[in-house]
K.L.:
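One structure, as structure tokens, below. Some questions next.
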Amino acid sequence: MASDASDPAGSSESLLLAIARDLGFKRPPLTLPKECLTEFVLPKGRATCGLVWMHGLGDDEEGWADMLEDNFRVPAACGSCKFVLPRAPRQPSSCNGGDVTTSWFDIADLPISRKSSAPYGCSLEEALSSCGRVHAAIDKLIAEGIPSERIMVGGFSQGGSMAMLSTLTYPKRLGGILVFSGICFFGDLLNKLAQAPHCKELQVFWGHGTRDEVLAADLQDEGVEALQAAGIKVTAKKYAVDHGPTERELKDALAFYVEHLKS
């Protein structure tokens, strides 16, 4: 598929299509319909930085919008922040008995731990397709005048996995990645993606609960090892909670966000 090099949406789609083709996948990148996202700016004003955030399996963006609005207040010194929260497509979920629900990619079964066999029953084909929706959210922020280096991508659980994969497959340098209780299930592809020029100096914040019984805490250990082996710097923190965010984690992620924004 031909694309205009000056068009970030076209170039990101072309990159996803090329990766999918190399892997023998046929699903096209998803688009981002207006009804499938929530967006807001805090504090009010012209946004000069951005955050794209993805929810987890079977959830939607509304609860996270409230949580980020209350607990992710970017200091005025950084300028106003535009939040874009895309919603996952509805599709059958194997770990939920085949029920149709919001899902960025299929997971064969839960819970998952490091003892499970990679890629842990996770569908890379569906995840790469869903990257198209995340890339469209990033493109939206760039089109509104926010430099790509001042945009971070984050998410919880499945959304954390999508934050990593979508950032690594986006053709421009982004500000960083925020992972809450995620899983890096695409280790075979990670090293190749991390060698791209726009991924150099990429940094990741990864928080995880020590009592997580859905995506075990040892998945964080394994994922951090894989990211670091690929040359990606990681700030890893553990919290004495199960599968969910904490106020402390949100504060730590905000501190990471502020520290790593390009001025």
Side-chain angles (χ1 to χ4, degrees), residues 19 22-23 53-54 56-57 95 104-128 130-131 134 152-170 173-246 248-250 252-257 259-260:
I19 294 170
D22 289 345
L23 294 170
W53 187 269
M54 278 73 67
L57 174 67
C95 63
W104 295 107
F105 54 86
D106 194 37
I107 299 176
D109 198 13
L110 289 172
I112 301 173
S113 74
R114 190 169 185 169
K115 295 178 182 178
S116 308
S117 298
Y120 310 107
C122 299
S123 172
L124 179 57
E125 181 171 13
E126 290 187 4
L128 284 170
S130 290
C131 281
V134 183
M152 283 199 188
V153 183
F156 169 72
S157 193
Q158 259 200 348
S161 303
M162 289 302 304
M164 289 185 277
L165 186 60
S166 59
T167 299
L168 288 164
T169 55
Y170 194 74
R173 183 180 176 186
L174 297 171
I177 304 171
L178 305 176
V179 180
F180 284 18
S181 305
I183 177 173
C184 183
F185 66 89
F186 46 90
D188 291 344
L189 184 61
L190 176 59
N191 286 327
K192 180 179 179 180
L193 294 176
Q195 298 312 306
H198 61 274
C199 292
K200 300 297 183 184
E201 300 183 10
L202 183 63
Q203 297 203 36
V204 177
F205 171 90
W206 190 330
H208 215 109
T210 58
R211 301 196 298 264
D212 196 326
E213 296 183 352
V214 179
L215 297 177
D218 59 7
L219 290 172
Q220 181 197 37
D221 301 330
E222 184 175 56
V224 169
E225 291 169 9
L227 290 166
Q228 291 176 335
I232 297 172
K233 295 181 180 179
V234 184
T235 298
K237 293 183 177 291
K238 284 185 167 63
Y239 306 90
V241 295
D242 52 16
H243 193 62
T246 71
R248 178 72 262 169
E249 185 177 23
L250 285 159
D252 290 342
L254 176 58
F256 177 93
Y257 181 93
E259 178 183 355
H260 292 88

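Note: hydrogens, waters and symmetry copies are ignored here, and every other heavy atom, side chains too, is used.
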K.L.:
Quick one: does any side-chain atom of Q220 pair with a main-chain N or O of A236 as donor and acceptor, under 3.5 Å?
P.N.:
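Between the backbone of A236 and the side chain of Q220 there is no qualifying donor-acceptor contact (under 3.5 Å).
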K.L.:
What distance do I232 atom CD1 and L193 atom CG have between them, rounded to the nearest 0.5 Å?
P.N.:
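Reported to 0.5 Å precision, the distance equals 8.5 Å.
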K.L.:
For Q195, I'd like to know if atom CD has over 12 heavy atoms of other residues, nucleotides or ligands within 6.0 Å.
P.N.:
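Above 12, so yes.
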K.L.:
Measure the CG-NZ distance between D22 and K192 for me, rounded to the nearest 0.5 Å.
P.N.:
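If I round to the nearest 0.5 Å, the distance is 4.5 Å.
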K.L.:
Nearest 0.5 Å, please: how far is CG in L168 from CG in L227?
P.N.:
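One finds 7.5 Å between CG of L227 and CG of L168.
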K.L.:
Do the side chain of Q158 and the main chain of M54 share a donor and acceptor less than 3.5 angstrom apart?
P.N.:
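No, Q158 side chain to M54 backbone: no donor-acceptor pair under 3.5 Å.
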K.L.:
With a cut-off of 6.0 Å (strictly less than), are more than 12 heavy atoms of other residues, nucleotides or ligands near CG of D188?
P.N.:
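12 or below, so no.
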K.L.:
Please find the pair of heavy atoms, one from W206 and one from S181, that lie closest to each other, and give the distance.
P.N.:
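Here W206 and S181 meet closest at NE1-N, 4.3 Å.
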K.L.:
Nearest 0.5 Å, what's the CD-CZ distance between Q203 and F256?
P.N.:
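It comes to 5.5 Å.
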K.L.:
Partners of D106 by salt bridge (Lys or Arg N to Asp or Glu O under 4.0 Å), sequence neighbours excluded?
P.N.:
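Per chain and number, D106 pairs via salt bridge (Lys or Arg N to Asp or Glu O under 4.0 Å) with no residue.
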K.L.:
Rounded to the nearest 0.5 Å, what's the gap from OG1 on T167 to CG on L174? Could you check?
P.N.:
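Reported to 0.5 Å precision, the distance equals 5.5 Å.
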K.L.:
With D221, which of L219, V224, D218 fulfils side chain to side chain contact (heavy atoms under 4.5 Å, CB included)?
P.N.:
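Considering L219, V224, D218, a side chain to side chain contact (heavy atoms under 4.5 Å, CB included) with D221 is found only for D218.
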K.L.:
Going by the angle between their ring planes, with limits at 30° and 60°, are F105 and F185 parallel, tilted or perpendicular?
P.N.:
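Rings of F105 and F185: tilted, as their planes differ by 30° to 60°.
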K.L.:
Are L178 and W53 close enough that some pair of their side-chain heavy atoms sits under 4.5 Å apart?
P.N.:
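Side chain of L178 against side chain of W53, heavy atoms only: contact under 4.5 Å found.
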K.L.:
So, taking the atom named CD1 in I112 and the one named SG in C95, what distance separates them when rounded to the nearest 0.5 Å?
P.N.:
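Answer rounded to 0.5 Å: 8.0 Å.
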K.L.:
Taking I183's backbone N and O only, do any of them form a donor-acceptor pair with S161's side chain (distance below 3.5 Å, no angle check)?
P.N.:
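Side chain of S161 to backbone of I183, a donor-acceptor pair under 3.5 Å: yes, one is there.
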K.L.:
For L190 versus A230, what's the shortest heavy-atom pair and its separation?
P.N.:
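Looking at all heavy atoms of both residues, the shortest contact is CG-CB, 4.0 Å.
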